[in-house]
There are 2 protein chains.
Amino acid sequence: MPFEQLQLKNQLCHRLYMASNSIARAYREPLTAINLTYPQYVVMMALWEKDKITIAELIDKTAIDGGALTQILKKMTDKNLLEVIKDKHDKRKRLIKLTENGQALKLKAIDIPSKIRCKFNSIDAEQAQQLMSILDLVVKDLNKPE
Amino acid sequence: MPFEQLQLKNQLCHRLYMASNSIARAYREPLTAINLTYPQYVVMMALWEKDKITIAELIDKTAIDGGALTQILKKMTDKNLLEVIKDKHDKRKRLIKLTENGQALKLKAIDIPSKIRCKFNSIDAEQAQQLMSILDLVVKDLNKPE
DNA sequence: ATATTTTAATTTGCATGCAAAATATTTGCA
DNA sequence: TGCAAATATTTTGCATGCAAATTAAAATAT
């Protein structure tokens with residue numbers, strides 16, 4: 001009987017894997033239209049909320065890996081979306097600042113969430129909220145230090 | 001008001017992104033112990049359930065990208081976990097077959113699910129089931145052809 | 001004041017995820 | 001029968017995610 005625990009269809013991790021990949025794939029088309037990858041979009045959302053933050057703050061907000069983030073920020077700098085500026089008071093730190101171009105992109109991204117939401121025909125607002133809540137618990141449980 | 005839809009904390013996609021990455025990270029330690037990556041573990045689970053299946057069936061079961069799967073199977077062949085055999089009746093197809101070594105690995109993997117489950121202190125069985133159900137709807141909605 | 005430790009980022013190496021192009025076969029149809 | 005269309009996989013190129021090592025600068029301790 002315990003062997004059934006290894007069945008793929010019973011694995012929460014595999015459901016999450018499929019769901020996460022599926023939704024990232026769903027974003028691909030609208031994001032390609034504005035020349036962003038998904039992680040780049042996450043960075044933009046973080047900065048549209050609060051600009052001029054350090055890399056550490058950006059990592060905290062986006063949960064993107066620091067090593068990957070350095071590369072992502074380079075590409076976004078090349079695309080003239082943002083600037084990476086050395087902090088005058090603490091030279092270890094970098095401040096990320098949107099360019100005008102980067103700020104303006106928000107207008108083009110504004111309707112992406114609703115486009116994605118259109119694809120969820122089987123899920124009502126309550127279920128979506130439930131999902132958010134439980135995922136929040138999952139993330140917290142898994143990231144507890146011990 | 002609509003601008004708030006772009007807030008990161010309200011994005012289902014970002015919750016899924018974090019949850020999926022967190023859980024994959026949680027598997028890393030026990031899987032490293034038996035020399036598997038997460039996608040490789042998924043392939044093994046699929047094969048422990050049903051051996052001698054084609055690549056297409058494996059893609060269907062695991063939802064792993066075909067291009068990536070080719071590379072993954074190569075590495076798993078090198079590790080003597082499985083064999084890739086040409087189908088005699090249809091030379092386009094390949095059959096994946098576990099080696100004895102690959103079959104035996106199941107015993108070492110058998111307690112991984114419970115180890116992971118231990119980390120979920122805030123989630124009861126009912127919530128886990130709810131999560132599975134809603135994620136299932138998410139995946140189905142997002143993968144509907146149209 | 002100087003060595004040690006800590007903190008903030010970057011770099012490196014490996015393993016995917018994914019779209020698009022390329023290969024190899026098999027099917028289906030004129 | 002012969003060839004175009006459909007299938008099954010592989011290959012290629014790009015963008016992460018992640019752990020570990022490295023670099024640079026600030027904070028602390030003695």
Side-chain angles (χ1 to χ4, degrees), chain A residues 13-14 16-29 31-33 35-43 53-60 62-79 84-96 139 142-143, chain B residues 13-14 16-29 31-33 35-43 53-60 62-79 84-96 139 142-143:
Chain A
C13 59
H14 192 241
L16 275 171
Y17 169 89
M18 289 192 292
S20 179
N21 287 343
S22 295
I23 203 164
R25 212 158 33 232
Y27 272 90
R28 194 166 279 254
E29 185 191 313
L31 287 179
T32 300
N35 192 29
L36 288 179
T37 64
Y38 182 70
Q40 288 170 9
Y41 173 61
V42 172
V43 168
I53 59 180
T54 67
I55 305 257
E57 282 180 273
L58 200 49
I59 289 173
D60 186 57
T62 62
I64 294 174
D65 172 69
L69 192 54
T70 299
Q71 312 304 320
I72 292 170
L73 291 175
K74 253 181 211 160
K75 287 169 194 160
M76 295 177 79
T77 302
D78 292 344
K79 286 197 267 194
V84 181
I85 304 163
K86 280 188 186 170
D87 188 313
K88 286 171 187 171
H89 305 299
D90 187 337
K91 289 180 185 169
R92 291 172 305 182
K93 295 184 182 174
R94 303 275 185 284
L95 289 175
I96 312 301
V139 171
L142 291 175
N143 292 296
Chain B
C13 57
H14 192 240
L16 276 171
Y17 169 88
M18 290 191 292
S20 179
N21 288 343
S22 295
I23 203 164
R25 213 159 31 230
Y27 273 90
R28 194 164 278 252
E29 184 192 313
L31 287 179
T32 298
N35 192 26
L36 288 179
T37 66
Y38 182 71
Q40 288 169 10
Y41 172 62
V42 172
V43 168
I53 59 180
T54 67
I55 304 259
E57 282 180 274
L58 200 49
I59 289 173
D60 187 56
T62 63
I64 293 175
D65 172 70
L69 193 55
T70 299
Q71 312 306 319
I72 291 170
L73 291 176
K74 252 182 213 161
K75 288 168 195 163
M76 295 177 78
T77 302
D78 292 344
K79 286 197 268 195
V84 180
I85 303 163
K86 279 188 186 172
D87 187 314
K88 286 171 184 170
H89 306 297
D90 187 337
K91 290 180 186 170
R92 292 170 304 180
K93 296 183 182 175
R94 303 277 184 282
L95 289 175
I96 311 301
V139 172
L142 291 175
N143 292 297

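In what follows, chains carry the letters A, B, and so on, assigned in the order in which the sequence lines appear, proteins first and then strands, with residues in each chain numbered from 1.
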Taking for each residue the nucleotide of DNA chain D with the nearest heavy atom, is it B:Leu95 or A:Ile64 whose nucleotide lies nearer the 5' end?
B:Leu95
Which heavy atom of A:Leu69 sits nearest a heavy atom of A:Ile59, and at what distance?
CD2-CG1, 3.5 Å
Output the rounded distance in Å from NZ (A:Lys79) to C1' (D:dA15).
10 Å
d(OH, A:Tyr38; P, D:dA15) in whole Å:
18 Å
As an exercise, state the distance from CD1 of A:Ile23 to OH of B:Tyr17, rounded to the nearest 0.5 Å.
13.5 Å
With a non-hydrogen cut-off below 4.0 angstrom, is B:Ile72 in contact with a base, only sugar-phosphate, or nothing?
sugar-phosphate
B:Leu142 has an atom CG; how far is it from atom P of C:dC18, in whole Å?
12 Å
More 5' along DNA chain D: A:Asp65 or B:Val84, using each one's nearest nucleotide?
B:Val84
From CD1 of B:Ile59 across to P of D:dT10 the rounded distance in Å is 9 Å
So OH of A:Tyr38 and NE2 of B:His14: to nearest 0.5 Å the spacing works out to 6.0 Å
Starting at atom NE2 of A:His89, determine the distance to atom C1' of D:dA24, rounded to an integer number of angstrom.
19 Å
Watson-Crick or G-U wobble mate for C:dT25, both contacts under 3.5 Å
D:dA6
Distance check, rounded to the nearest 0.5 Å: B:Ile55 atom CD1 versus B:Ile96 atom CD1?
4.0 Å
If I take atom CD1 from residue B:Ile72 and atom CG from residue B:Leu36, how far apart are they, to the nearest 0.5 angstrom?
11.5 Å
Work out which heavy atom in A:Val139 is nearest to a heavy atom in B:Ser22; give both atom names and the distance.
CG1-OG, 4.3 Å
Not counting sequence neighbours, list each pair that qualifies as a side-chain hydrogen bond (donor to acceptor under 3.5 Å, both in side chains) and has a residue in residues 66-79 of chain A.
A:Gln40-A:Lys79
Can you pull out the residues from residues 16-27 of chain A that lie within a 4.0 Å heavy-atom distance of DNA chain C?
A:Tyr17, A:Asn21, A:Arg25
Less than 4.0 angstrom between a side-chain N/O of B:Thr70 and OP1 or OP2 of D:dT11, yes or no?
no
With B for base contact, S for sugar-phosphate-only contact and - for none (protein heavy atoms under 4.0 Å), nucleotides 3-8 of chain D reads ----BS
Counting Watson-Crick and G-U wobble pairs only, both distances under 3.5 Å, name the nucleotide matched with D:dT30, or none.
C:dA1
On the nucleotide C:dT27, are OP1 or OP2 found under 4.0 Å from the side-chain N or O atoms that B:Lys91 carries?
no
CG of A:Leu36 versus C1' of D:dA15: gap in Å, rounded?
13 Å
Using heavy-atom distances to pick each residue's nearest nucleotide on DNA chain C, tell me which of A:Glu57 and B:Ala68 is more 5'.
A:Glu57
Please work out if A:Gln71 contacts a base, only the sugar-phosphate, or nothing of the nucleic acid, heavy-atom cut-off 4.0 Å.
base
Here the distance between atom P of C:dC18 and atom CG of A:Leu31, to the nearest Å, is 14 Å
A:Leu58 side, atom CG; A:Leu95 side, atom CG - distance, nearest 0.5 Å
11.0 Å
Would you classify B:Lys74 as touching base, sugar-phosphate or nothing, given that sugar-phosphate means primed atoms plus P, OP1 and OP2, and contacts are heavy atoms under 4.0 Å?
sugar-phosphate
Atom CG in A:Leu16, atom CG in A:Asn21: separation rounded to 0.5 Å?
10.5 Å
Find the distance A:Leu69:CG to C:dT11:P and express it as a whole number of Å.
13 Å
